[in-house]
Amino acid sequence: MADKQTELKAMLDQGLITQADYDQQMAQLTSNHLDQADAEPEATKQAAKFAVKTTCPNCGSTDFAWQPSLQKFACNYCKAQFEIETPDYLAKAAALKNDEVYNLSGKTVSVGLSKAVDKENVGIVTYQCPNCGATISFSTQDAWSSIKCEWCRGEISAENVVPNGYNPDLVVRFEVAKEQAQANVAEFINRRRWLVSKKFLREFKAADIRPVYVPQMMIDVNANESIQGLGGVLLNMYTETYESDDGKSTYSVTYYDYDVYQWERHFVLGINDLTLGANEALSQQSKTSTNNVIDVVKPFDTSKAVPYQHQYLQGGYRSERRTLDVDDVTPDVQKIAIDMGYSQVQPTLNYDHGVRYDNATMEVNGIRYAAVLCPIWLYSYYEYDSKGNFKRQHYCVVNGQTGKTIGSMPINVTAQIGWSIAGAVAMFVLLFFVFPFGGVDIDIKWILGLSVAVFAAIAYFTYTAVRNTDKHNDYVRNTENEMFDLESSDVWVDRVIRSTNPSI
């Protein structure tokens, strides 16, 4: 069957048959194959329905997978190492990596982001986990008898098959091997073991770390931006001393004299390979899931992306299905582009008495969207309360390209409170017993207040060290962006004398 499918595809690429004839013959071929498998298990039928075989060029085995340490595919039977040739119909995806954004115009949406179903999305099958709802795609070459969800580790069966959805255009391949990812997560946890739940430490198994491709939209932007505001140039700063109204004490006031300027900056902003999450469940912030860490492990070097082929999902690799379209991420693109504009403008504002931003506008000249899969190593853990009720889902994630590691784990509340109390007591003893010997007299209210503040600070920092819920990707710093054709205007508008404001 696989040979016939390959033959039909070659005939379609060469124009020997029409798309309609190709679809009809493929449907008939699949139907005939399934009729022959009526007595086979449901899982085998599903595999036959979707399977497309690619073989090792050395021995013909289909048992091969991408090896991050080799940066090649390797056959598990004869140990041969090889690359998979990119078909002509996929070669056009390479143009999506064009880094030239200065002359970008119009709106370009890749095939992988089109709303039409991609008939070339074969060789993989997609399950929807009945436990957590994740939609997971994997190669039909992998075992069907026992599939576990990477996100919740729940069991999935063949009856949970759903449509594959849309093929991505590009894939950023794994460069971090499993052993290194396991070591990274183990080290990350070990550095925080004194603050992590003992139950989590007992149940953690490095073997449960899985390779997953997460769907992203790769976006290039060329936009005209205009930003306006006020800036202050300090002329003089001086301090004067006054007596209080009752004449018993004095106080000081610092004054500032400065000029006020109305400034404007007009420029072209180029953004290259901005990557935004393309799965709604993974992109939205959640109170019961620490999926923010999936975004924190960015950036990925998308300049190394290659045209997607389903063979990258063989050998245990998985991918999450894209659920967001171009319109869904447009507001985020606009906000990030404005933030990048502020960052680019800031070094051009030579005002030493503060800057105020009043208005920013953006007009897109050109924008290009593509669908890309990016690699992560994932460890998931379900946290339950003392009554056995679900409390929170934690993730530890390793960037499959760079090795950057971030994660969230259940906190050991007893240890957290213990460290916080120890810090507060140490501060109390220092202020109440030690400082008086040095001639420092501190009011008891200040001592108690500072001790409580130390308790709260330690509790907060220990919490964030384990949970990392406040961390998010800094797109401005982690995305290549550049300013072109800058036009500047700085116009004097006022002079302020004896102001007590240390900034404009």
List the atom pairs, donor and acceptor, that lie under 3.5 Å between side-chain atoms in residues 411-426 and the rest of the protein, sequence neighbours left out.
| residue | atom | partner | partner atom | Å |
| --- | --- | --- | --- | --- |
| N412 | OD1 | T414 | N | 3.2 |
| N412 | OD1 | A415 | N | 3.2 |
| Q416 | NE2 | A459 | O | 2.9 |
| S420 | OG | Q416 | O | 2.8 |
| S420 | OG | A459 | N | 3.2 |

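- Separation of atoms CG (D295) and CD1 (I376) is listed at 10.5 Å; rounding is to 0.5 Å.
- Closest heavy-atom contact between L113 and Y369: CD1-CB, 3.4 Å.
- Note that CG of N365 is 10.5 Å distant from CG of N103, once rounded to the nearest 0.5 Å.
- Remark: aromatic rings of F174 and Y213 are close, center separation under 6.0 Å.
- Put simply, the side chain of S380 gets close to the backbone of E150: a donor and an acceptor are under 3.5 Å apart.
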Please step through side-chain contact (heavy atoms from CB on, under 4.5 Å) for the pair V125 and F138, ending with a clear verdict. CA-CA 6 Å; V125 66; F138 64 96; 3.3 Å; yes
Evaluate the criterion side-chain contact (heavy atoms from CB on, under 4.5 Å) for residue pair I271 and V101; output intermediate values, then yes/no. CA-CA 7 Å; I271 304 175; V101 297; over 6 Å; no
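- Minimum heavy-atom separation, R173 to P375: O-CG, 3.9 Å.
- A distance of 9.0 Å separates CG of L170 from CG of D273, quoted to the nearest 0.5 Å.
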Going through the distances and angles, do F204 and V185 end up as a side-chain contact (heavy atoms from CB on, under 4.5 Å)? CA-CA 10 Å; F204 170 72; V185 173; 3.9 Å; yes
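- Between R467 and E383 no salt bridge is recorded (no basic side-chain N to carboxylate O distance below 4.0 Å).
- Remark: of the listed residues Y381, Y379, W151, W151 is the sole one forming a ring pair (Phe, Tyr, Trp, His ring centres under 6.0 Å) with Y395.
- Within the 4.5 Å cutoff, no side-chain heavy atoms of R193 are placed close to those of K198.
- In terms of heavy-atom proximity, V329 sits nearest to G277 at CG1-O, 4.3 Å.
- Of the possible polar contacts, none joining the N473 side chain to the P299 backbone as a donor-acceptor pair under 3.5 Å is found.
- Taking CG of D328 as the start and CE of M217 as the end, the distance is 6.5 Å to the nearest 0.5 Å.
- Here the side chains of V212 and S319 are not in contact, with every heavy-atom distance at 4.5 Å or above.
- Aromatic ring centres of Y312 and Y317: separated by at least 6.0 Å.
- R192 places a side-chain N or O within donor-acceptor distance of the main-chain N or O of F188, the cut-off being under 3.5 Å.
- You'll find the side chain of Q216 stays beyond 4.5 Å of the side chain of T302, heavy atoms only.
- Counting heavy atoms from C-beta outward, R265 and L486 have side chains that approach closer than 4.5 Å.
- Between the side chain of Q401 and the backbone N or O of C374 there is no donor-acceptor pair closer than 3.5 Å.
- With hydrogens and angles disregarded, no donor-acceptor distance shorter than 3.5 Å links the side chain of E480 to the backbone of N272.
- Note on ring orientation: taking the six-membered ring where Trp is involved, the planes of F82 and F64 are perpendicular (angle over 60°, cut-offs 30° and 60°).
- Here the side chains of V221 and V333 are in contact, with some heavy-atom distance below 4.5 Å.
- Between the side chains of D485 and Y102, a donor-acceptor pair is found at a separation under 3.5 Å.
- Using a distance-only test at 3.5 Å, with no hydrogens or angles considered, no donor-acceptor pair links the side chain of D325 to the main chain of D327.
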Test log, rule side-chain contact (heavy atoms from CB on, under 4.5 Å), inputs D358 and R356: CA-CA 6 Å; D358 290 334; R356 193 178 80 191; 2.9 Å; yes
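- Environment of OH in Y460: sparse, with no more than 12 heavy atoms of neighbouring residues, nucleotides or ligands closer than 6.0 Å.
- Counting only N and O atoms by type, the side chains of H394 and S408 include a donor and acceptor under 3.5 Å apart.
- Side chain of E225 to backbone of T361: no donor-acceptor contact under 3.5 angstrom is found.
- A distance of 8.0 Å separates CG of N399 from NZ of K404, quoted to the nearest 0.5 Å.
- In terms of heavy-atom proximity, V176 sits nearest to G403 at CG2-N, 3.6 Å.
- The distance from the CG atom of L269 to the CE atom of M362 is 8.5 Å, given to the nearest 0.5 Å.
- Pairing each heavy atom of L276 with each of K298, the nearest pair is CA-NZ, 3.9 Å.
- Counting only heavy atoms from C-beta outward, the side chains of N58 and Y77 never approach each other to under 4.5 Å.
- A distance-only check finds no donor-acceptor pair linking the side chain of S343 to the backbone of D339 [under 3.5 Å].
- For the residue pair Q393 and T290, no side-chain donor N or O sits within less than 3.5 Å of a side-chain acceptor on the partner.
- Between the side chain of Q71 and the main chain of P68, a donor-acceptor pair closer than 3.5 Å is present.
- At least one side-chain heavy atom of L313 sits less than 4.5 Å from a side-chain heavy atom of Y308.
- Minimum interatomic distance between A465 and N468 (heavy atoms only, all atoms of both residues): O-ND2, 3.9 Å.
- The neighbour count for K72 NZ, taken as heavy atoms of other residues, nucleotides or ligands under 6.0 Å away, does not exceed 12.
- Taking 4.5 Å as the limit, every side-chain heavy atom of I338 sits out of range of all side-chain heavy atoms of Q334.
- The backbone N or O of V372 sits nowhere less than 3.5 Å from a side-chain atom of D169 that would complete a donor-acceptor pair.
- Remark: Y357 OH is packed, more than 12 non-hydrogen atoms of other residues, nucleotides or ligands lying under 6.0 Å away.
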